[in-house]
Amino acid sequence: MAHITIQDVRKSYAKTEVVHGVSLEVQSGEFVVILGPSGCGKSTLLRMIAGLESISSGEILIAGKVVNDLEPHQRGCAMVFQNYALYPHMTVADNIGYGLKVAGLPLAARNAKVAAVAASVGLTEFLDRRPGQLSGGQRQRVAMARAIVREPAVFLFDEPLSNLDAKLRVQMRHEIRRIHNQISATSVFVTHDQAEGMTLADRLVVMNKGVIEQVGTPEEIYHAPASVYVGGFIGSPAMNFMGGMVSPNQACVALENGSRIEIPQALATAHAGQLVQIGLRPEALSLVPAGMGAFDATFDFFEELGPTRLYHFQFEDLMIAALASDKPPVQVGQPMGLKIAPEAVHLFAADTGKRLEATQKAAQPVMV
Amino acid sequence: MRRAYFKNNWVAALMVAPQLIIVFTFFYFPTSQALYWAFTLEQPWGGGNTWVGFDNFAAILGDAYYWDSIWVSIVYAIGSTALSVIMALTLAIFADRQLAGYKLYRVGMIWPYAIAAPAVGLAFRFIFTPGAGLMMFINQMFPDLWNPVDNGTQAMGMVIVAGAWKQVAYNFIFFLAGLQSIPRSLIEAGAMDGARVLRRMRDIQLPLLAPTFFFVLVINITDSFTDSFGIVDTMTAGGPSRATNLMVYKIFNDGFQGLDYSGAAAQSIILMLLVIALTFVQFRYIERKVHYT
């Protein structure tokens, strides 16, 4: 167990900076997921923690010790790679035990440890096989076992599930969480898959273009996204966005076509007259007869999801998605009203994209 | 894989013709001639060849000089292959680690392969000549230490160095390609496991280089049996007292200097069979054991 402190860390290749001053605190024993699209710098950040990538400026501390100039194995981290990175010429047992062998552990002790770890991830009967003779899921387990056996203080995962099929991915997700709870290491997990991020994380770090957009529990991030970017990135189906202006007199946002969307009075007072983007979660919209809702939109088509249906509407030149369980009440091409509770409206500044709150606190700090 | 088909067979034939003509002129035709000569003997005063069966082969295999030549060839093959493989591997490892200036010497390393064997031999003859340059300096300090003209072992060493030098470039390309095809993440996994540079090389890179290694080995040994002619011819002419009389040089010597066409032809058939057998054995049995999938 060890906590990780990242202080204003930057990474540049030649003259291009790809990570622009990231600060983050990971508590001991915490499971943190770094989530972001490809190229956002999340893997680079992870590799800087691991020691596979040099740190251009800033400091990384593991268990209170600056590790900037330490070799990877001196940092007490173990890493699970995206493509597993198993040694193809070694058996499963040798793959798992390689780190122990390098550390100079005697053969008997090594074998005992390897056997114990292999048993814990269900690999006992495959110890004599080569990685080439294993399935994707089994290789994944070997990669996990290789990391566990070293009893690391910090567990690093670089998109370890992205090469698996959907069903196996969910299964391995549970397994990773179970192992984390069992060995109580600090885990940092990088992924572009929001479902993985939401389900695995104690705390979620959303990155975009080399900076951290928001840090918080999955719940906080879903229900109070700090920016337009986070709102649009987290949640499937994605949040709907519309431009408008906070009406100074009534508690609402006036859209360009004159429709009004009600928002809490305190929020309207705080940002009266400001140009905003409003964010509406599809599940926050309810379908009502035309003229009865906040605004009317033309019914386009719907997707059957089983427990619910995803309705698509045309509103001005925007596509609006709404989740509802009832059958389509009108014909395609007919207008329908969409209603929304004032508390469910997310408000973002049109210029900066930052979240607007009723109590005007500064943009949520990234350090937690 | 996409394939192109020719509707007109004549066009196809025309296109493969140049290559076929070359192969027939310079391989099948000489081979058939060698076979003919190997099983016949020209009459002393001309007037056609008479069939002698395996007599030519029996004569060669009963000749102690021929066995000497085989032994010398094996020494040369092992010596030059080992030396060039070790040198090429070392250089490739440095190039792979991208030490300063690697781009420059990566190109520089490839040039020696473009030099013809006799030119290599000539260049090394200047370097190793006892009467001038570096070797003269050494001989001045330790009189008569270096004289490949009458010391067979030194002559062999000299030929091996020249042969290996020429082969290094070729091996280097394959080793570098082999090293670069090892996924970076394996090296990184090794680093996470605590292995340092040399340990990673021993435990991860070299084992994964094994297929390349055996390919290079086959090519080098085969090459050393056949391509060494130019070097021997310019450097030692097989001497001193047959110490560097490699099989391929002995064929030339017996055939074109001694005018024993039948004996030389029989030797070249044996050499050909040896090379074919070697290639077959190595590809069939050794290479199979070194693939990881």
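No hydrogens, no waters, no symmetry mates; every other heavy atom, side chains included, goes into these values. Keep in mind that what you see is a predicted model, and the values were worked out from it rather than measured. Numbered from 1 within each chain, the chains take letters A, B, ... in sequence-line order.
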At a 4.5 Å cut-off on heavy atoms, which part of L100(A) comes close to chain B: side chain, backbone, both, or neither? neither
Is the NZ atom of K101(A) crowded by more than 12 outside heavy atoms at less than 6.0 Å? no
Treating H89(A) as the side-chain partner and A210(B) as the backbone partner, does any N or O pair qualify as donor plus acceptor under 3.5 Å? no
In this structure, are over 12 heavy atoms from other groups packed under 6.0 Å from Y13(A) atom OH? yes
Tell me every residue that passes side-chain contact (heavy atoms from CB on, under 4.5 Å) with W67(B), counting only those two or more places apart in sequence or in another chain. L61(B), I70(B)
Check this for me: Y113(B), atom OH, are more than 12 non-hydrogen atoms of other residues, nucleotides or ligands nearer than 6.0 Å? yes
For residues 155-179 of chain B against chain A, heavy atoms under 4.5 Å, the residues are none
Distance from D203(B) atom CG to Y87(A) atom OH, nearest 0.5 Å? 9.0 Å
Which members of residues 184-196 of chain B, sorted by number, sit under 4.5 angstrom from chain A on a heavy-atom basis? S185(B), L186(B), E188(B), A189(B), G190(B), A191(B), M192(B), D193(B), G194(B), A195(B), R196(B)
So which of N83(A), L156(A), D158(A) has the largest heavy-atom pair count under 4.5 angstrom toward chain B? N83(A)
Quick one: what part of F81(A) sits under 4.5 Å from any heavy atom of chain B, side chain, backbone, both or neither? side chain
Who are the side-chain contact (heavy atoms from CB on, under 4.5 Å) partners of S162(A), not counting sequence neighbours? Q82(A), E159(A), H192(A)
Side chain from CB out, backbone as N, CA, C, O: work out which of these in A103(A) comes under 4.5 Å of a heavy atom of chain B, or both, or neither. neither
Under a 4.5 Å heavy-atom cut-off, does chain B meet the side chain of R75(A), its backbone, both or neither? neither
